[in-house]
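What follows is a set of notes on a single structure, which appears directly below.
First listed ligand is number 1; within each ligand, the first listed atom is number 1. Numbering starts at 1 and runs along the sequence shown.
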Amino acid sequence: AKDKQRGTLRICDASLKTAYAARRALSMDLEHAVERGELFLAFQPIVSLVTGRTESFEALLRWRHPSRGVVWPADFIPIAEDTGLILPIGRWVIREACRSVSDWPDDVRIAINLSARQFSDPSLIASIADAASEHGIEPNRLTLEITESTLIGDDGAALATLDALRRTGIRTALDDFGTGYASLSYLTRFPFDTIKIDRSFVQGSCESANHQVVVRAICGLAADLGVETVAEGVETQDHAELASALGCDFGQGFLFDRPLSPIDCAARLARERLG
Ligand code: C2E
Ligand code: CA
Ligand code: CA
Ligand code: CA
C-alpha cells in the first residue's frame with residue numbers, strides 16, 4: 001500500500017511539474033506576444049432588446065500563438081495578471097479598441113474588459129485619454145467593464161477612480177453581476193452606468209422562478225438608479241424574451257452573434273443600418 005501511495009505521489013508530482021513547465025513556457029511566450037503582433041480582438045455585439053439594434057461591441061482578447069493556435073483568455077489572462085504583463089497587454093487592448101471603434105458609426109460604442117491591476121494603475125486614465133484622442137474618438141464611446149472582485153479592498157480609492165473616469169466621460173459597467181458576494185451593495189455604493197447580469201441568472205431564469213425574481217429585482221433597482229442592464233449569455237429566443245420581459249435593456253450572447261472579426265462587425269452594422 002505504501003508503495004502504491006508513493007507511486008501516486010510521484011505521478012502527481014510529475015504532472016504538477018509538467019503543468020508548471022507549461023505555464024512557464026506560456027508566460028515566456030506571452031512576454032513577446034504584444035511586440036510580435038500575436039494578440040487580436042474579437043467583438044461581440046450588445047443588442048437592444050427593444051429595437052434589436054447593435055448599441056456596442058465588447059472587445060474580447062485572443063492570442064494567436066505561433067505553435068499552439070488560438071489561446072483563449074481563460075488560459076492566459078490569469079498568467080498575465082500574475083506576471084504583471086496585464087499592464088502592457090491591457091494598454092495594447094485599449095489602443096486597439098479605440099482604433100476599432102473609430103471605424104464604426106459614431107453612435108456605436110465599445111466595451112473593454114479591465115483587470116484589477118489595470119484599474120488600480122495610476123496611469124490608466126491618461127493612457128485611455130491618449131488612445132482616444134490619438135484615434136479621434138469621444139471618451140464616451142468607451143465603456144470599461146470591471147468585476148466586483150476589482151472593487152474589493154479600498155473603497156475610497158475605487159470611488160476616486162470611478163469618479164475620475166466619469167469626469168473624463170468614460171463609461172463604466174459592473175461585469176458578471178450576481179456572481180459575487182456583495183452585488184447589491186456595490187450597485188448602490190458605486191456609480192456605474194451599466195450592469196451586466198451574469199449568464200447564470202439569465203439562463204437560470206428559464207428554469208427557475210427564483211432566478212426570475214432576482215433578475216426582475218435587479219432590473220427594477222437598476223432602472224430606479226438610472227443604470228442600464230445587459231443580459232449576458234443570451235443563447236436562445238426564450239432567453240431573450242424572458243430577459244426583456246424581466247426588464248433588461250440589452251442582450252449579449254450566441255443568439256445574436258458570437259464574437260466577430262472586424263469585417264463581420266462592419267457587415268453586421270451595414271446590414272442593420274442600410275436595411
Ligand atoms: P466576460 O467579460 O464575462 O466575457 C464574456 C464571455 O462569455 C466571453 O468569453 C464570450 O465569448 C462568452 N460568451 C458570449 N456569449 C455567450 C453565450 O451566449 N454563452 C456562453 N456560454 N458564453 C458566451 P471569452 O471571450 O472566452 O472571455 C472570457 C473572459 O476573459 C471574459 O469574460 C473576461 O473576463 C476575460 N477577458 C476577455 N478579454 C479580456 C481583456 O481584454 N482584458 C481582460 N482583463 N480580460 C479579458
Ligand atoms: Ca466582460
Ligand atoms: Ca461577463
Ligand atoms: Ca467573466
Just heavy atoms, cut-off under 4.0 Å: does [X] contact ligand 1 by side chain, backbone, both, or neither?
X: L41; value: neither
X: R258; value: neither
X: R199; value: side chain
X: N113; value: both
X: R62; value: side chain
X: L61; value: both
X: T147; value: neither

Inset, instruction - Measure from NZ or CZ of R23 to the centre of the six-membered ring of Y20 and say whether it is under 6.0 Å with the direction within 45° of the ring axis. - result: no
Inset, instruction - Would you check if the side chain of Q203 reaches a backbone N or O of G233 as a donor-acceptor pair within less than 3.5 Å? - result: yes
Legend entry - Contact check, E58 vs ligand 1, heavy-atom distance below 4.0 Å: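 Yes, E58 has a heavy atom closer than 4.0 Å to ligand 1.
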Legend entry - Close approach of E232 to ligand 1, heavy atoms, under 4.0 angstrom: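 So E232 counts as touching ligand 1.
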Contact summary for [X] and [Y], nearest pair of heavy atoms:
X: I89; Y: L39; result: CG2-CD1, 4.0 Å
X: Q44; Y: D257; result: NE2-O, 3.0 Å
X: F256; Y: R268; result: O-NH1, 3.3 Å
X: V215; Y: C248; result: CG1-SG, 4.2 Å

Residue [X] vicinity, atoms of ligand 1 by number, heavy atom under 4.0 Å:
X: V93; answer: 41 (O)
X: G253; answer: 15 (N), 18 (O)
X: D176; answer: 3 (O)
X: E235; answer: 17 (C), 18 (O), 19 (N), 20 (C), 21 (N)
X: S115; answer: 44 (N)
X: Q44; answer: 14 (C), 15 (N)

Legend entry - Geometry at the Ca ion (ligand 3) - D176 OD1 versus E232 OE2 angle, rounded to 10 degrees: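 Here the angle at the metal atom is close to 90°, to 10°.
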Legend entry - Short N/O/S contact of T147 with the Ca ion (ligand 2) (below 3.0 Å):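 Looking at T147, which is the residue asked about, there is no N, O or S atom under 3.0 Å from the Ca ion (ligand 2).
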How long is the straight-line distance from [atom2] of [Y] back to [atom1] of [X], given to the nearest 0.5 Å?
X: D163; Y: T168; atom1: CG; atom2: OG1; answer: 10.5 Å
X: D29; Y: F76; atom1: CG; atom2: CZ; answer: 12.5 Å
X: R99; Y: L41; atom1: CZ; atom2: CG; answer: 9.0 Å
X: I110; Y: W104; atom1: CD1; atom2: CH2; answer: 4.0 Å

Legend entry - OD1 (N113) - the Ca ion (ligand 2) - OE1 (E145) angle, nearest 10°: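 For OD1 of N113 and OE1 of E145, the angle centred on the Ca ion (ligand 2) reads 90°.
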Inset, instruction - Pick, from G233, P73, P259, the option with the minimum heavy-atom distance to atom 24 (P) of ligand 1. - result: P73
Inset, instruction - Quick one: report the N, O or S atom of E58 that is nearest to the Ca ion (ligand 2). - result: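 Considering only N, O and S atoms, E58 comes nearest to the Ca ion (ligand 2) through OE2.
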Legend entry - Side-chain ion pair, D107 and R53, N-O less than 4.0 Å: yes
Legend entry - Electrostatic pair R95-D130, nearest N-O below 4.0 angstrom: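 No, this pair does not count.
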Legend entry - Minimum-distance atom from the Ca ion (ligand 3) among N, O or S atoms of D175: OD1
Inset, instruction - Could you please spell out the steps behind the salt bridge (charged side-chain N to carboxylate O under 4.0 Å, His left out) verdict for R68 and D75? - result: CA-CA 12 Å; R68 291 165 194 252; D75 294 321; over 6 Å; no
